[in-house]
Amino acid sequence: MVFIMNPYNHNKIEKKWQKYWESKKLNKAKENNKKKKFYSLIEFPYPSGKGLHVGHIRSNTAMDIISRKRRREGYEVLFPIGWDAFGLPTENYAIKIGIQPAIVTKKNTDTFRKQLKSLGFSFDWSREINTTDPKYYKWTQWIFLQLLKKGLAYKKKMTINWCPKDMIGLANEEIVDGCCERCGTKVEKREKEQWMLAITKYAERLDKDLDNTDFLEKIKIQQRNWIGKSEGAEIDFPVKCFDKKIKVFTTRPDTIFGVTYIVLSPEHYLVNELISKISNKLEVEKYIKNTKNKNEIERTDAKSEKTGIELKGVKAINPANKEEIPIWIADYVLANYGTGAVMAVPAHDERDKQFALKYTLPIKEIDLANKEEMISKYGKPITKFKLRDWIFSRQRYWGEPIPVVHCEKCGIVPLNEKDLPLKLPKVKNYQPTETGESPLATISKWVNTKCPKCKGKAKRETDTMPNWAGSSWYYLRYIDTKNKKAFADSKKLKYWTPVDWYNGGMEHTTLHLLYSRFWHKFLFDEGLVPTNEPYKKRTSHGMILTEEGEKMSKSKGNIINPDEIVKNLGADTLRIHEMFIGPFDQAIAWNSDTIAGSRRFLEKVWKLQEKIGKDSNENIEILIRKTIKKVTEDIEGMRFNTAISSMMILVNEFEKQSEIDKIDYEILLKLLAPFAPHITEEIWLILGNKKSIHLSSWPKYDESKLVESVFKIMIQINGKVRGQIESNADISDQELEKTAINKPEIKKWIEGKTIKKMIIIKGKLINIVV
RNA sequence: GCCAAGGUGGCGUAAUCGGUAGCCGCACAGCACUCAAAAUGCUGCGAGAGCAAUCUCAUGGGAGUUCGAGUCUCCCCCUUGGCACCA
C-alpha cells in the first residue's frame with residue numbers, strides 16, 4: 001500500500017477541529033465529586049478596540065497548556081474566560097466617535113472572542129462573563145453594599161489625585177512618578193468627597209497570609225513592600241510648660257537617648273496650638289504657606305534638600321533622659337504616615353544627620369539600649385503600614401453605579417438589595433466635566449429619586465466604581481455564572497475554590513491582585529466564600545516588547561496583530577513560537593524572523609507520518625522517556641521553551657531513523673498536543689485513533705529506565721578534559737584508573753609527572769591531578 | 001538610596017545538588033535538487049594558531065575557595081523591573 005500524505009494545511013485543520021471541539025463541548029467544566037478539581041485562571045482581558053495582543057497569547061497559551069495537561073492527568077478542569085469591559089479607553093473612544101460605550105464594548109468583545117477562538121484555547125465558553133452586564137454588576141453592587149454595611153465603605157472629604165486629561169480621580173496605586181498611569185499627564189490635587197474602601201483594616205492579614213500562598217517569591221516581596229508593614233513603638237514627648245504631648249512613631253526605640261530634636265509635619269494638629277506660644281510666628285506661617293504651594297512631587301522627592309524651621313520658644317522633653325530638646329517643623333515629615341511626628345536621632349539616622357548638619361543641631365553619640373525595654377518604659381508597641389485606604393469613586397460614566405442615595409433627611413442610604421442591579425442609564429453625553437462631577441449628574445431624571453428608607457426626596461450617588469471593582473471577584477462568578485439568587489452557589493464554591501493556579505502580569509501585583517485578595521477576605525469573614533485566600537498559586541509572565549525593545553502600546557501604534565500570523569502560518573505555529581521565544585517569566589522582544597523555525601518544526605512533525613514502520617531501538621526508547629520527563633516537568637515549572645526544545649531534539653532523532661514506531665510517534669503527539677492542539681489532533685486521527693487526542697491520558701515514564709547501559713566517562717588532567725572512556729556502569733574504580741592512564745592521549749600528559757591523586761565521580765568522570 | 005531579577009557566540013537562548021560551556025532555534029556560508037528561484041535535504045558555524053592531529057583563550061570586570069567554577073564566596077561595573085524623605 002502506498003501512503004499518500006497530504007500537505008500540512010493549517011487553515012483547514014484548525015477551523016475543522018475548533019468547530020469539532022466546540023460541538024463536542026470538550027472543555028465544559030462541571031462539578032464532579034469523583035474527580036479532583038483544578039481551577040486555572042488567566043486575567044480576563046480588557047477588550048480594547050485594537051484587538052488581541054501577542055502578549056495575551058503568551059499568557060493564555062501557557063495556562064492553556066497547563067489546563068490541557070491537567071485534564072489528561074484526570075482532573076476536572078475549570079478554565080474560564082470573560083471580559084473586564086468597564087473603563088476609560090472604551091469611554092473615551094465612545095466619546096470620540098459618538099457611539100454608546102455599551103455598543104463599542106459589544107463590538108470589541110465580538111472581535112476578541114473570534115480571535116481567541118481562532119487560537120484554539122480550551123476555554124469553557126459556556127461560562128463567559130462580562131463585567132458590564134447588569135446581571136454581573138448586580139453582584140458587584142451587592143458586594144459593595146455588604147462592605148458598606150460593615151463600615152468598610154465610607155465617604156470622606158479628602159485631597160485626591162486628579163488627572164486633568166482624563167478628568168478622573170485616581171487611586172494611589174494608579175499614579176506612577178506623579179503622573180496618571182494611563183495617559184502620563186501630571187496629576188493635580190483636588191479636594192473632593194470620595195468613596196473609600198478600608199483595605200487598611202486588612203493590611204495585617206494581607207501581609208501575613210502571603211506565607212500560606214504559593215505565589216512567586218517576587219510577587220510576595222512586591223506586595224509586602226507595598227503594604228509596608230513596619231513594627232515599632234509610639235512614644236510620647238511632653239511639651240514643656242504646656243499640657244500637650246507629641247506622639248512620635250519610631251522603629252528604633254533603642255536610640256531614644258540619642259534624640260536631640262523633634263520634627264513635626266507642617267500639617268500636624270499641634271502646630272496650630274503651639275503657634276501662639278512661639279517667638280517666630282511669622283516665619284513659621286510663611287514656611288507652612290510655602291509647603292502648601294509645593295506639589296506632591298516636589299514635596300516627596302527624596303533627592304531635594306530638606307528644609308525646616310524651628311518653633312522657637314517651645315521645647316519638648318525627652319522622656320528617657322528628661323532633656324529639653326527643640327521642636328522643628330519640616331515638610332519631609334509626612335502627615336499621613338505614622339503619627340506625623342518623628343524623633344530625630346542624628347547619630348543613628350542618615351537623614352536626621354543631614355538635617356542636623358544643615359541646621360547645626362546637636363549630634364549625640366550613644367550606646368544602644370534594649371529595644372523591648374525602651375518600649376515598655378517609655379512607649380507602647382505598634383505596627384504601622386504604608387498601605388492607604390482604596391479610593392473607590394470615579395467621576396466618569398462607564399463604570400458600575402454606586403448603589404446608594406443621598407437623602408435630605410436620612411443621609412447616605414443604601415438601595416434595597418432587591419432593587420439591584422442599579423442600571424447605568426443611557427446618556428446622550430458622557431463627556432466628563434471639568435467640575436469633577438460624573439456625567440451621570442446631568443441626568444436629572446435618573447438622579448432625582450426617592451429615599452428607600454423614608455420615601456422622601458433623595459438624589460442618587462453619581463460617582464461610579466473604578467474598573468478594579470468588577471475584577472475583584474470575577475473568578476467567583478465563573479463558578480456559577482447564571483445564578484440569580486447569589487453571586488455563586490455555596491456548594492459550587494466549595495468544589496471550585498480556591499483558584500489553583502493564576503497567571504497574570506506583574507503590573508497587577510499591587511493593584512488587582514491586592515484588591516481581590518482584600519475582597520475575598522471580606523467575603524470569607526462574611527461566611528460567603530469557603531477559603532481565606534482566593535488564589536493558591538500565582539505566577540507571572542514577561543511582557544512581549546517590540547523588536548526595538550519598547551513597550552507595545554496603542555498610542556505608539558507598534559502593536560503586532562496576531563490575525564495575519566494565524567492566517568499565514570497557523571495558530572499552532574504562533575503558539576509554539578510564543579512559548580519557544582524565551583523564558584516565560586522574562587520580558588522579550590518580538591522577532592518576526594524566528595517564527596519560521598516553529599513552523600518548520602511542525603512541518604517536520606507532520607512529515608514523520610511517512611516514516612511509520614516498526615523499527616525502534618533502545619536509544620530511541622530512552623530518548624522518549626527522557627522527553628516525557630522533560631516536557632512533564634518543564635510544563636509544571638513554566639519552562640515552555642526548554643520543553644519545546646526537547647521535543648525538537650526527539651523529532652530530529654526520529655528524522656534520522658529510516659522508520660519509526662507508531663507508538664513512539666503517538667507519544668510525541670501526546671506531549672505536543674497541549675502546545676499545538678490542532679495539528680496533533682489531525683495526525684492522531686490520520687493514525688486511526690477514534691477519540692480526541694485531548695482525551696488521551698498524559699504519557700508516563702519509568703524513572704528506572706532513563707539511563708543508557710553504556711556510559712561515557714570523561715578523563716580530566718588537572719580539571720581539563722583530555723579524553724573519554726566508554727564503559728558500562730559496573731566498572732570498578734581500579735579498572736577505570738588503569739584504563740584511563742593507559743590511554744595514549746592521556747599518557748602524553750602524565751609522562752614524566754607524578755600523579756598526586758585521582759578523583760572519581762561514579763559514572764561521570766575521572767580527574768587525574770599531576 | 002533600598003528590594004528583586006539578570007549580564008554566556010552575529011541574534012533569541014541552553015547548561016546552575018560545581019564535573020565535556022554553547023543544547024534547541026534564527027541568521028549566515030558551502031553543496032545537492034532546479035532552466036532558475038523558493039521550499040527542502042546535507043555539511044559547516046565562539047575567537048585565535050595550525051596542512052592536520054591538536055593546542056591556547058573564552059560565560060560583564062577583579063580577587064578567592066576547589067582536583068575542577070558560567071554555577072559557590074567577596075569587591076566592583078552595567079541592564080531591567082519595583083519602591084522611594086515611610087521615621
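Every chain is numbered from 1, with letters handed out A, B, ... down the list of sequences. As the structure is a prediction and not an experimental result, all values here were calculated from the model.
Other residues, nucleotides and ligands contribute more than 12 heavy atoms inside 6.0 Å of the NZ atom of A:K371. Atom NZ of A:K358 sits in a crowded spot, with more than 12 heavy atoms from other residues, nucleotides or ligands closer than 6.0 Å. Within a 6.0 Å radius of NZ in A:K353, other residues, nucleotides and ligands contribute 12 heavy atoms or fewer.
Closest approach to the A:K757 side chain among B:U56, B:C67, B:A87 is made by B:C67 (side chain taken as heavy atoms from C-beta onward). Residue A:T251 has its side chain nearest to B:A87 when only B:G25, B:C85, B:A87 are considered. Between B:G25, B:C83, B:A14, one nucleotide has an atom nearer to the side chain of A:T642 than all others, and that is B:A14. The side chain of A:R722 has B:C55 as its nearest neighbour among B:C55, B:C26, B:C3. The side chain of A:D331 approaches B:C85 more closely than any other nucleotide in the set B:A4, B:C85, B:A14. Comparing B:A4, B:A14, B:C83 by their nearest atom to the side chain of A:K218 picks out B:A4.
How far CD1 of A:I565 is from CZ of A:R599: 13.0 Å, rounded to the nearest 0.5 Å. Taking CE from A:M579 and OG1 from A:T61, the interatomic distance works out to 5.0 Å, rounded to the nearest 0.5 Å. Separation of atoms CD1 (A:I635) and OG1 (A:T642) is listed at 10.0 Å; rounding is to 0.5 Å.
Electrostatic pairing of A:E603 and A:R600 does not count as a salt bridge here, judged by no charged N lying under 4.0 Å from a carboxylate O. The pair A:K384-A:E234 meets the salt-bridge criterion, with a side-chain N (NZ, NE, NH1 or NH2) lying under 4.0 Å from an Asp/Glu carboxylate O. Using a 4.0 Å cut-off between charged side-chain N and carboxylate O, A:E633 and A:K629 make a salt bridge. Comment: A:K306 does not engage A:D352 in a salt bridge, judged by the lack of any side-chain N to carboxylate O separation of less than 4.0 angstrom.
Note: CG (A:N591) to C1' (B:G12) measures 7 Å, nearest angstrom. In this entry the distance linking CG of A:N336 with P of B:C85 reads 11 Å, nearest Å. Rounding to whole angstrom units, CD1 of residue A:I221 and C1' of B:G82 are separated by 11 Å. Residue A:I256 contributes atom CD1, which lies 14 Å from atom C1' of B:A87 at whole-angstrom precision. For the pair A:W590 CH2 and B:G12 P, the interatomic distance rounds to 16 Å; values are reported in whole Å. Computed from coordinates, the A:M758 CE to B:C67 P distance equals 16 Å when rounded to whole Å. Here B:C24 presents its P atom at 13 Å from NZ of A:K630, a figure rounded to the nearest Å. Atom NZ in A:K384 sits about 12 Å away from atom P in B:A87, given to the nearest Å.
Only the C1' atoms considered, B:G9 is 15 Å distant from B:G60, to the nearest whole Å. For the P atoms, the distance from B:A14 to B:A4 is 22 Å, rounded to whole Å. For B:U80 and B:G70, the P atoms lie 27 Å apart once the distance is rounded to whole Å. With P as the reference atom, B:A84 and B:G46 are 48 Å apart, rounded to whole Å. To the nearest whole angstrom, the two P atoms, one in B:A21 and one in B:U59, are 12 Å apart. Separation of the C1' atoms belonging to B:G18 and B:C72 is 8 Å when rounded to the nearest angstrom. Between the P atoms of B:A37 and B:G30, the separation comes to 12 Å (whole Å). Across B:G61 and B:A27, the matching P atoms stand 30 Å from one another, rounded to whole Å.
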N/O to N/O distances under 3.5 Å, protein versus nucleotides 40-47 of chain B:
residue	atom	partner	partner atom	Å
B:U40	OP1	A:R600	NE	3.4

Would you tabulate the nitrogen or oxygen pairs shorter than 3.5 Å linking the protein to nucleotides 16-21 of chain B?
residue	atom	partner	partner atom	Å
B:G19	N2	A:Q716	OE1	2.8
B:G19	N2	A:N767	ND2	3.2

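Annotation: ring pair (Phe, Tyr, Trp, His ring centres under 6.0 Å) contacts involving residues 745-770 of chain A, sequence neighbours excluded, are absent. The salt bridge (Lys or Arg N to Asp or Glu O under 4.0 Å) analysis of residues 574-597 of chain A, with sequence neighbours excluded, yields the pairs A:D64-A:R575.
The backbone N or O of A:K738 sits less than 3.5 Å from a side-chain atom of A:N742, completing a donor-acceptor pair.
Only one option out of A:H512, A:H541, A:H508 pairs with A:E43 in a side chain to side chain donor-acceptor pair (under 3.5 Å); it is A:H508.
A close approach under 4.0 Å does occur between a side-chain nitrogen or oxygen of A:N652 and OP1 or OP2 of B:G25. Taking only side-chain nitrogens and oxygens, A:K720 comes nearer than 4.0 Å to OP1 or OP2 of B:C57. Residue A:S230 has a polar side-chain atom (N or O) positioned under 4.0 Å from OP1 or OP2 of B:A87. At B:A14, one or more side-chain N or O atoms of A:N641 fall inside 4.0 Å of OP1 or OP2 (strictly under the cut-off). A close approach under 4.0 Å does occur between a side-chain nitrogen or oxygen of A:Y337 and OP1 or OP2 of B:A87.
No contact: A:K756 has no heavy atom under 4.0 Å from any strand. Residue contacts for A:R639: at a heavy-atom cut-off of 4.0 Å it reaches no nucleic acid atom on any strand shown. Residue-level contact check: A:V769 touches the backbone only, with heavy atoms under 4.0 Å from sugar-phosphate atoms and none from bases. At a threshold of 4.0 angstrom between heavy atoms, the contacts of A:D352 with the nucleic acid are absent. Across all strands shown, A:L334 has heavy atoms under 4.0 Å from base atoms, whether or not it also approaches the sugar-phosphate. Within 4.0 Å of A:V333, counting heavy atoms only, lies at least one base atom of the nucleic acid. Contacts of A:W749 with the nucleic acid, taken as non-hydrogen atoms under 4.0 Å apart, involve only primed sugar atoms and P, OP1 or OP2.
Residues from residues 576-589 of chain A lying near RNA chain B, meaning a heavy-atom separation below 4.0 Å, are A:F580, A:I581, A:P583, A:Q586, A:I588 in numerical order.
Residues A:H348 and A:L368 form a side-chain contact, since some pair of their non-hydrogen atoms from C-beta on lies under 4.5 Å apart. The shortest side-chain heavy-atom distance between A:Y202 and A:I227 does not fall under the 4.5 Å cut-off.
For B:G25, the base is anti relative to its sugar; the glycosidic angle deviates from 0 by more than 90°.
Map A:W226 and A:S646 each onto its nearest nucleotide of RNA chain B; the residue landing nearer the 5' end is A:S646. Between A:N718 and A:S598, the one whose closest nucleotide on RNA chain B sits nearer the 5' end is A:S598.
No side-chain donor from either of A:S265 and A:Y337 sits under 3.5 Å from a side-chain acceptor of the other.
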Applying the Watson-Crick and G-U criteria (both distances under 3.5 angstrom) with [ ] for crossing and | for other-strand pairs, one obtains for RNA chain B (((((((..(((......[....))).(((((.......))))).((((....))))..(((((..]....))))))))))))....

